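Some notes on the structure that comes next.
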Amino acid sequence: MKVQFLGAAKTVTGSCHVIEAAGHRFAIDCGMHQGNKAIEERNFDTDLYQPNSLDFILLTHAHIDHSGLIPRIASHGFKGKIYCTAPTYDLVSLMLEDSAHIQEMEFEWRNKQRSRTGKKKENDLLYSIEDAKKCINQFSVIEFDKTFEPVPNVKVTYKYAAHILGAAFIILDITENGETKRLTFSGDIGRPENMLLFDPAPLEKTDYLFMESTYGNRNHKNESNSLEELHEAIERSYKLGGKVIIPTFAVERAQEILYCLSLLDAEGKLPHNMPIYLDSPLAIKATQVFIDYKETLDTHEIKHNIEAIRNFSSKVIYTTKTEESQALNLLEGPAIILSASGMCNAGRIKHHLKHNIWKPETSIVFVGFQAVGTLGRKIVEGATSVNLMGNDLSVAAKIYTIGGFSAHAGQSQLLEWLGTIAKYKPHVVLIHGEQTAQQTLAELIKEQYKLDVSIPEYLEEMELNLQAPATIENSEQSTQPIIKKHSMPKVDWNFVLEDLDTRVAQLHKRLDNIQEKTWEDQTEIHDKLAEINQSIYKLLTQL
């Protein structure tokens with residue numbers, strides 16, 4: 001029995017874990033890699049997934065970092081079924097088509113830029129809208145808590161994960177060579193006492209637990225103060241006449257923020273003349289899915305405030321058309337704008353940041369995790385300037401980071417969830433987290449529960465031990481897996497630095513020739529070198 005990690009290994013995007021067992025090959029999730037250029041290039045390494053040999057995919061939830069590569073894999077030969085819950089099916093049908101629309105728009109933009117600079121057009125479209133629509137036919141809806149058998153000797157049970165609507169953690173009972181082993185994949189685990197969702201289901205005894213670790217090194221700060229922090233940001237920009245820009249994930253986060261705004265409105269804490277815009281066609285459509293599944297939501301508190309919510313809903317302005325979104329950037333005076341994407345790497349939010357991030361009266365409120373390499377991560381880490389759509393812009397806006405809105409469990413919540421089965425001595429494999437968070441969480445798990453912990457690398461293969469799992473009574477046996485290491489390619493710093501030194505040396509040698517040019521030509525060359533020098537300075541300040 002073997003597990004290969006094709007994503008979410010020492011990072012939080014690209015979730016995909018391929019299992020080979022009982023004569024079958026299948027995947028848990030198939031997500032898009034998001035971050036810097038090098039990370040996003042992984043999306044095109046389709047051969048690594050061997051789509052033709054995948055029997056099926058088990059999808060934990062609809063978020064793009066878990067589902068976003070399915071159209072690509074399907075268009076390159078994957079013909080099997082994709083299993084998910086009913087809410088996930090409704091959400092992912094919207095999200096994949098929206099993702100494909102963004103892929104097509106950015107592909108068209110890149111080729112326009114290439115044409116303008118005399119470069120050859122390239123076929124670097126990840127997938128099309130047609131690909132996204134076609135792969136939906138491969139989805140099959142299953143129920144929570146109802147075990148099914150997609151292939152012989154592999155039994156699957158979906159359990160409530162509370163991360164977003166429809167999210168599940170997955171229990172696998174795999175029989176191989178007459179022995180059955182249990183593997184549990186957490187997907188993304190939600191935090192308890194979410195405003196819209198019930199708490200995660202408890203863990204059950206398992207041999208191996210593949211557990212997310214997004215917030216493995218910290219708890220969410222001041223969860224009870226989240227509403228007040230949001231109010232503070234709104235009040236500040238209203239008084240200064242500026243915008244409140246909220247980069248938000250279209251599914252669950254947008255709906256939760258709208259609910260929180262309705263609570264502030266009910267308390268009289270929202271200015272009556274400060275318009276609120278939901279500027280995300282996907283978030284608008286996803287909100288309807290939440291309404292369709294309202295019976296599955298933890299609605300006790302919502303029912304108590306139903307009239308306030310109805311009154312508030314009439315105040316929200318939904319912008320579906322591109323020209324409506326563009327008009328927001330010409331809008332005078334204060335306003336609240338919720339827009340996607342949540343990590344600021346794509347979509348309409350980039351335009352709103354371009355027009356507002358350099359204004360001191362602006363408040364930018366981050367309400368979710370920002371992955372390494374994303375524009376959102378650079379901003380929350382204190383970047384003094386950012387490049388947006390070819391423009392170098394100063395970050396003069398006030399930045400708020402409100403952890404209490406996170407859809408992920410914090411460190412202590414993850415430990416508490418794991419602690420209920422620690423006595424069974426499962427082997428813990430930490431996935432979906434950055435390295436520092438994983439190392440911190442691993443040490444705590446070893447210290448508190450005396451469990452074996454592994455932290456896999458990208459593309460690493462893990463062969464699971466066929467021995468029975470260790471227990472308190474049978475502690476001499478171990479579930480320690482055999483790991484086939486995969487070396488990441490080294491970054492060739494010597495080449496790029498030596499090449500830079502060579503270019504600078506060539507400039508010195510040609511200085512006499514430059515000085516023979518006209519004054520106008522010299523000043524143009526001088527300005528270009530000054531720009532390059534400034535770029536190097538900015539890079540150094542980030543190191």
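Since the model is a prediction, treat every value here as computed from it, not as a measurement.
A cation-pi contact links Lys398 to Tyr400, judged by a cut-off of 6.0 Å to the six-membered ring centre and 45° from its axis. Remark: Arg377 is not positioned above the aromatic ring of Phe366, lacking an NZ or CZ atom under 6.0 angstrom from the ring centre and at most 45 degrees off the axis.
There is a side-chain donor-acceptor pair under 3.5 Å between Thr88 and Thr85. Using modelled atom types, one finds no donor on one side chain facing an acceptor on the other under 3.5 Å when comparing Asn36 with Glu40. Side-chain contact, His17 with Gln4: no donor N or O sits under 3.5 Å from an acceptor N or O. Remark: the Thr157 side chain and the Thr147 side chain contain an N/O donor-acceptor pair separated by less than 3.5 Å.
Residues Ala233 and Val365 approach most closely at CB-CG2, 3.7 Å, considering heavy atoms.
Between Phe185 and Phe210, the ring centre distance stays below 6.0 Å. Note: His220 and Tyr215 meet the aromatic proximity criterion, with ring centroids under 6.0 Å apart. Aromatic ring centres of Phe169 and Tyr160 lie farther apart than the 6.0 Å criterion allows.
Partners of Asp279 by salt bridge (charged side-chain N to carboxylate O under 4.0 Å, His left out), not counting sequence neighbours, listed by chain and number: Arg348. Applying the salt bridge (charged side-chain N to carboxylate O under 4.0 Å, His left out) test to Lys159 and every residue at least two apart in sequence or in another chain returns Asp145, Glu204.
Note: Ser128 OG to His101 NE2 = 13.0 Å, rounded to the nearest 0.5 Å. To the nearest 0.5 Å, atom CD of residue Glu229 and atom CZ of residue Phe405 are 8.0 Å apart.
The aromatic rings of His61 and His163 stand perpendicular to each other, their planes meeting at an angle above 60°, with 30° marking the opposite boundary. His66 and His432 have parallel rings, their planes meeting at less than 30° on a 0 to 90° scale where 60° marks the start of perpendicular.
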- request: Begin with the C-alpha distance, continue with both residues' side-chain angles, and end with the deciding distance and a verdict on side-chain hydrogen bond (donor to acceptor under 3.5 Å, both in side chains) for Arg72 and Thr46.
  value: CA-CA 8 Å; Arg72 174 84 177 183; Thr46 312; 2.8 Å; yes

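Salt bridge absent: Glu434 and Arg218 never bring a charged side-chain N and a carboxylate O closer than 4.0 Å. In summary, Arg25 and Asp55 do not engage in a salt bridge, as defined by a charged side-chain N under 4.0 Å from a carboxylate O.
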